[in-house]
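The structure appears right after this line, and notes come after that.
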4 protein chains.
Amino acid sequence: MAIVGASGYTGEELVRLLLAHPNVDLVAATSRQLAGKGLAEVFPRFMHHKTATALKFSNPEAKQIAREAGLIFLALPHGLATEFAKPLLSAGARVVDLSADFRIKDANVYEEFYGHAHPAPDLLGKSVYGLPEIYRDQIRGAQLVACPGCYPTSILIPLRPLIRRKAIDRKTILVASMSGVTGAGRKVETDYLFSECNESVRPYGVPKHRHLSEIEQELSILAGEKIVIQFTPHLVPVNRGIITTICADIAGNVVKMDPALIFSGAYTKEPFVRLLGDARLPDTKNVIGTNFIDVAWKIDKRTHRLIVMSAIDNIVKGASGQAVQCMNAMLDLPETAGLI
Amino acid sequence: MAIVGASGYTGEELVRLLLAHPNVDLVAATSRQLAGKGLAEVFPRFMHHKTATALKFSNPEAKQIAREAGLIFLALPHGLATEFAKPLLSAGARVVDLSADFRIKDANVYEEFYGHAHPAPDLLGKSVYGLPEIYRDQIRGAQLVACPGCYPTSILIPLRPLIRRKAIDRKTILVASMSGVTGAGRKVETDYLFSECNESVRPYGVPKHRHLSEIEQELSILAGEKIVIQFTPHLVPVNRGIITTICADIAGNVVKMDPALIFSGAYTKEPFVRLLGDARLPDTKNVIGTNFIDVAWKIDKRTHRLIVMSAIDNIVKGASGQAVQCMNAMLDLPETAGLI
Amino acid sequence: MAIVGASGYTGEELVRLLLAHPNVDLVAATSRQLAGKGLAEVFPRFMHHKTATALKFSNPEAKQIAREAGLIFLALPHGLATEFAKPLLSAGARVVDLSADFRIKDANVYEEFYGHAHPAPDLLGKSVYGLPEIYRDQIRGAQLVACPGCYPTSILIPLRPLIRRKAIDRKTILVASMSGVTGAGRKVETDYLFSECNESVRPYGVPKHRHLSEIEQELSILAGEKIVIQFTPHLVPVNRGIITTICADIAGNVVKMDPALIFSGAYTKEPFVRLLGDARLPDTKNVIGTNFIDVAWKIDKRTHRLIVMSAIDNIVKGASGQAVQCMNAMLDLPETAGLI
Amino acid sequence: MAIVGASGYTGEELVRLLLAHPNVDLVAATSRQLAGKGLAEVFPRFMHHKTATALKFSNPEAKQIAREAGLIFLALPHGLATEFAKPLLSAGARVVDLSADFRIKDANVYEEFYGHAHPAPDLLGKSVYGLPEIYRDQIRGAQLVACPGCYPTSILIPLRPLIRRKAIDRKTILVASMSGVTGAGRKVETDYLFSECNESVRPYGVPKHRHLSEIEQELSILAGEKIVIQFTPHLVPVNRGIITTICADIAGNVVKMDPALIFSGAYTKEPFVRLLGDARLPDTKNVIGTNFIDVAWKIDKRTHRLIVMSAIDNIVKGASGQAVQCMNAMLDLPETAGLI
């Protein structure tokens, strides 16, 4: 395995997960800025690990990486990912991309939300959206997997069975999410300095956060019709973790609504979906460092609405853990390998 | 002025505000647990202040307090407040209560939300809801003021002009709030230990938080008809601060909707309401330690909804600062005295 | 394996480590308060684990526990541990105690520092101090292991080779440490509430913290003469982690002083001691969740002193991880089993 | 008053203090990056203040500033301050500099610690070290005041009376300090990102932090002989606050040592020095947002050492508050004006 762009938070977490993975080896990690430095030098928490001590960050040379590794993770900023994916795919390598570049099927929607034309619209049709709970079969055989964003993961898994079972009114879906600061990446900007985030809570990206594009795309596919939702993200002072709270009108008779049946039917066999039921509420601290998504729900008879809440680690199930889960599927390994 | 129950976070903040107030003196502070100890001994941050050094916590004896002070703040747990308010009111004292005991006008609603019959339903009709932005005139002459809860303050101020101007569909109001941990009071419970709250984000009180009773009461009064809303609070790891995000369907034509006009019309002269407009978003760090509420908004043309966001310090504008603002009104002092 | 007193932070961490351990099974976890509740119910982060779902907290009955498990961890408050250790040892079980009860060899010193006579002074001679980097051979055959305190671990490992090599003046050892809040245990006291610890830094336990008793005992054994040190601990707002900074006069010629040689000689083969050298400084975030201790040093030619700094996770290498490391030694397992 | 370089944390805090000051007006605030933007736009927490709404950041033009304001605060990075101070002083303005540029009397020492020759060594003799507790009289008449660093403030105030009274052995002074992250300024560097500082504790600047130069200079002046100390700073995840812990051998008979007498003699009349005595320990949360320094002490009879601990807000007493305290002295205002 190789990681292109291993200097950010998702890259570092991929290093952690791959170093500990029982079935695969990390053979290359690239970073323009860090080229020549040892992995353990840059990330001292891996100092004890032989591979981390031996391996140096290299310059990202697509051809060489394709020779060294059959499966390559791209942990690059949006836009750069396409540039690297093209030669890698041409060379026959399999690519798991953690950026937004290949998540959107419609190049016009990409342009609407990302502000520029997609650099390789022909590739959009070839990528598989890397949410194993929905696209497991397609991921197995895929050459190009586009890992979902962190918010979309925390929203799509709870909503999927509700949409498919037509349990909620699709026009009334409102989502509020709270994310830890690693969600912004290792961006060196004033807004993400310790003293700007600590003792601060703030909404941002209102009302049209980029992740809406993939959330609505996937919900619409599930529903078989166009779905538009409200989504309000907030930044909270924790390193990791997302809480998502979804409210929607219950479709039909509230007395007959049985979320336990709906969620159990969908997820009992999913290794990373933990159903808390309607008696407990999620807490990010229960999922930090893991690939789990915890899902809870409440029926509000006063308002005839269903409230569904989820918790994930934005860097694991929301990024690098999900990427490894996809890799496991692609390599016919047990999906939990290296993750539990 | 006297504070009954001065050992909690709202009591301590009242001490801070009254010690610094140019027009009033703090003559008594009570606490069963701390009786006999000096204020500065218990709260070393007031060590330099002569009053805090001289004054000792006393046992809460209603008659004596009524003799010492003409206006008394009750910073007691719900339930206990009524017990103290009765003799104080009988003795002719004016009372500003920070508990929930006198906020609800309907004793049945109180019982529904607080789980027990109200101990003095006859007093409910005599209290004034202590939100100066709505009830300034009544507060001036009131003998008993019931200060609003922290969440209700952050929700009612933004919603009031929208309800009055019929700018939103009253059946579609959804509120998500995030509160700092002082919101739970100085409760010595496992849930509020540092290591349980730090690096944790969690919803709680879903779907029927107690504050709903006063929020819906006040919204219904404003609307002239019963309003029921959705409200989901979350606990986030900051000491102070609430962010409230409100979404509602715009009533009528989105193009004609002009929130700036509506909010300016309502609040331009309010000294503690700061309107951020639709170009900036609120951040709790801008209001910490102050009595301000910052209000921002966005129209979402995609969903035909209005998103309104507010930030307050839950202990100041959400509790003790608001109580002092009420006191200023009751004593015909400038409303900003000791607060700006 | 069994854990007696599994409701605190060290107990919960033992659960985590033993559930993930490849060679041993957790068969019992006791807690008076939680008896009857499932492990996964109390600690939802273990919800996915079969053992955690199946196992319930039981009442701590020494005889039954001794029948169920050959090796028992005691994660009880100081004092209570002795009460449980006695019947367990009589029944032939092996005991790894995480309290302070069996760390001190001299019952008078115990009484001086802990304020009461030791309840079982005869057992003091039978226990082995559970720091594998010093007592590995004795631990292997021990029936009773007394795991070191968190501060002592962070201090003794750096000081040991310096004392043995007579590299520093033993009368000039000054230690300042900073600990995360889990170091206080899951104590439900006002001092450890979120809003009391967050945005707070404070010294405590000055000048005679209890851990001094074991630190000076072990240093004196190493030196072959009585050693008295200065130790100032501080509480800082992180969940986990200890930074220890040690200063001491260099013995003899500063030019000939070679800490790299001294530390490498002592620790190159130790799996959990990571030497950072004199070019990098430790950071708690590099050891959180791990059993590593990171050690760095600087020679200060201006003052003729050596500064040695270490970082550990107080709950892992400072408590439960070290206990598992001892268990591995006692069971002839690889010492890193379940820990790397 | 004017502030040159008002975009950083000390600049922003000067804005806060001067806006609230009863005796002076803020007439200009400069920032190259922010020139043209309104103060309230950049710092929304001042939105309610007329001056902050009216005043715009201007380009730093020394001549114009000297015309507008008689006293100018320089809150610039080290090095830049000299460049601005020169024309201001020539124009007859009085300057309170918050950088390190004028703190060191010996240009060689400056070069040793700051790595380059001092740009205006002739000015070094003209500046007064701005610690009112030592240099009050000189500050009153000074044209150029060099405000002390944050660590030096927290160290010099506790050590001064001990040095003067020869109560401790001057060769045995060891200092460990812990600082909040604003201490690094609003530096946009990876090291100060939220996710790098949160859940992290780390020493830095070991063994020769720049502040040593002014600490040792001032201690040596007080002692009348060269004093060299050990100083180890640590970064801890709080916004504001410094805890300093000083250990030193007691000079002479420990029984006769009476720190209470020594500290009271020195500081009873100082408005910003609060003596906690030997029964209480300092906590940064008691001084945050204030200009106080809290000082406590313990005699350790076991080691014949004195431990003195102090707490300040690094941005207030450690920087901007102290600067305003100096200004008050320079303008013959009550020294507490605008600060209590």
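Proteins come first, then strands; the chains are lettered A, B, ... in the order of their sequence lines, and each starts at number 1.
- In this structure, chain A has a heavy atom under 4.5 Å from the side chain of C/N198, while its backbone stays farther away.
- Only the backbone of A/A40 comes within contact range of chain C, judged by heavy atoms closer than 4.5 Å.
- C/M47 pairs in a side chain to side chain contact (heavy atoms under 4.5 Å, CB included) with only one of the listed residues (A/L275, A/N286, A/L276), which is A/L276.
- For C/I288, no part sits under 4.5 Å from any heavy atom of chain A, backbone or side chain.
- Only the backbone of A/F46 has a heavy atom closer than 4.5 Å to any heavy atom of chain C.
- Ranked by non-hydrogen atom pairs under 4.5 Å with chain C, the options A/H49, A/R280, A/R274 are led by A/R274.
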- Derivation of the side-chain contact (heavy atoms from CB on, under 4.5 Å) call for A/R45 and C/K285: CA-CA 8 Å; A/R45 63 179 178 134; C/K285 71 171 171 272; over 6 Å; no
